[in-house]
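Just so it is clear, the model here is predicted, and its values are computed rather than measured. Reckoned from all heavy atoms, side chains included, excluding hydrogens, waters and symmetry mates.
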Amino acid sequence: MRKLFILQLLLLLNYCAIAQSNTARTYAEKYGDLAVAEMRRTGIPASITLAQAIIESGAGSTKLARKANNHFGVKAGRTWKGERHGSFRKYENVEEAYNDRSNFLTSKKNYAFLFKLEQCDYKAWARGLQRSGYATSKHYASDLIRCIERNDLNKWDQEVCANKTIDSSFKAQAEPSNENWITEVTEPVVAVKNPVYYRVKKGDSLSGIAKKHKTSVSKLKSLNSLHSHKIKPGQSLRIK
């Protein structure tokens, strides 16, 4: 009897996981082109945009998403001049929500280092978002990566990465504010053009690579979202 109960529970959990995955994929098919358009405009990976929206809005099913077109859980704050849904921003349509979220990321100092990462490296972006304090969850990066890989969201990145159609001339306007949770940016973030990479060889060290390429260890760690000096042969490191 106990074995039968466990089997039924496992089947139910598997069914729920499949249902959630199907919902997420349906959401991605509906808004994938919008995420790709934002990637071309700003350099933010489409897979990251979709994963964040799926997680924050329950794949568009939350009340905030349905009533306010807010798919990213963006709060209004005192400087918000648009409509509100409680303490959150309300948008006329989902496209406006995607656009506003992109502008938010590109206009805040604490997210500036993200735009020095490879635009097609969703794992680096996921870890970078967690490092920047975008979310309070200690598992935010792994949640994003799991959502992307489970639902094959990185295929949307390839529409841009394969053709290198990111608009490197994009410049976001800093959002002025007196609120503590918003940091004003004096220089707009611009997507970096023509990044340079180095393939780690046996015996290499981070300091040695930094010296060879006339850069610093801290710069290499920032560009590659590294939390230690540990590297391994075959690893691709961004130099600039």
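Under a hydrophobic-cluster definition in which Ile, Leu, Val, Met, Phe, Trp and Tyr are linked whenever side-chain heavy atoms come within less than 4.5 Å, directly or via other members, Phe88 and Trp80 are assigned to different clusters.
Remark: Tyr122 OH to Ile148 CD1 distance equals 6.5 Å, nearest 0.5 Å. Taking CG of Leu114 as the start and NZ of Lys116 as the end, the distance is 10.5 Å to the nearest 0.5 Å. Distance OG/Ser137 to CD/Gln130: 6.5 Å, rounded to 0.5 Å. Note that the NZ atom of Lys90 and the CG atom of Asn69 stand 8.5 Å from one another [nearest 0.5 Å]. One distance of note links CD1 of Ile54 with CD of Glu56; it measures 11.5 Å at 0.5 Å rounding. The distance from the CD1 atom of Ile55 to the SG atom of Cys147 is 5.0 Å, given to the nearest 0.5 Å.
Proximity of a side-chain donor or acceptor of Arg66 to a complementary backbone N or O of Ser61 within less than 3.5 Å is detected. Side-chain atoms of Asp204 come within 3.5 Å of backbone atoms of Lys201 as a donor-acceptor pair (strictly under, hydrogens ignored). Checking side-chain atoms of Ser142 against main-chain N and O of His139 turns up a donor-acceptor pair under 3.5 Å. Using modelled atom types, one side-chain atom of Asn70 and one backbone atom of Val74 make a donor-acceptor pair closer than 3.5 Å. Distance alone, capped at 3.5 Å, is enough to place a donor-acceptor pair between the Trp125 side chain and the Glu118 backbone. Side chain of Asn93 to main chain of Glu96: a donor-acceptor pair is present (N/O by atom type, distance under 3.5 Å, no hydrogens or angles).
One finds a salt bridge joining Glu29 and Lys155 here, because a Lys/Arg side-chain nitrogen approaches an Asp/Glu carboxylate oxygen to under 4.0 Å.
Using a 4.5 Å cut-off on side-chain heavy atoms (C-beta onward), Leu105 and Tyr134 make contact. You'll find the side chain of Ser57 stays beyond 4.5 Å of the side chain of Leu64, heavy atoms only. When side chains are defined from C-beta on, Phe115 counts as touching Ile44, because their heavy atoms get closer than 4.5 Å. Side-chain contact between Ser205 and Lys211 is absent, with no heavy atoms from C-beta onward closer than 4.5 Å. The closest side-chain heavy-atom distance from Asn103 to Asn99 is below 4.5 Å. Using a 4.5 Å heavy-atom cutoff, the side chains of Trp156 and Pro45 are not in contact. Taking 4.5 Å as the limit, every side-chain heavy atom of Ile48 sits out of range of all side-chain heavy atoms of Leu153.
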**Q.** Trace of the side-chain hydrogen bond (donor to acceptor under 3.5 Å, both in side chains) decision for Arg146 with Asn151
**A.** CA-CA 8 Å; Arg146 188 181 302 111; Asn151 300 293; over 6 Å; no
Q: Run the numbers on Tyr140 and Gln52 for side-chain hydrogen bond (donor to acceptor under 3.5 Å, both in side chains), then give the verdict.
A: CA-CA 10 Å; Tyr140 191 65; Gln52 284 188 301; 3.0 Å; yes
**Q.** Criterion side chain to side chain contact (heavy atoms under 4.5 Å, CB included) on Met39 and Cys120, from CA distance to verdict
**A.** CA-CA 10 Å; Met39 183 176 182; Cys120 301; 4.3 Å; yes
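Pairing each heavy atom of His85 with each of Lys67, the nearest pair is CE1-CB, 3.7 Å.
In this structure, a donor-acceptor pair under 3.5 Å is present between the side chains of Thr49 and Arg101. In this model, a donor atom of one side chain and an acceptor atom of the other lie less than 3.5 Å apart for Ser47 and Asp157. Residues Ser102 and Glu38 bring a donor and an acceptor atom of their side chains to less than 3.5 Å of each other. Using modelled atom types, one finds a donor on one side chain and an acceptor on the other under 3.5 Å when comparing Tyr27 with His71.
Counting non-hydrogen atoms of other residues, nucleotides and ligands closer than 6.0 Å to CD of Glu83 gives a total of 12 or fewer.
Annotation: cation-pi pair Arg41/Tyr98 absent, no NZ/CZ under 6.0 Å from the ring centroid and within 45° of its normal.
Screening Lys81, Arg89, Lys75 against Asp100 for a salt bridge (charged side-chain N to carboxylate O under 4.0 Å, His left out) leaves a single residue, Arg89.
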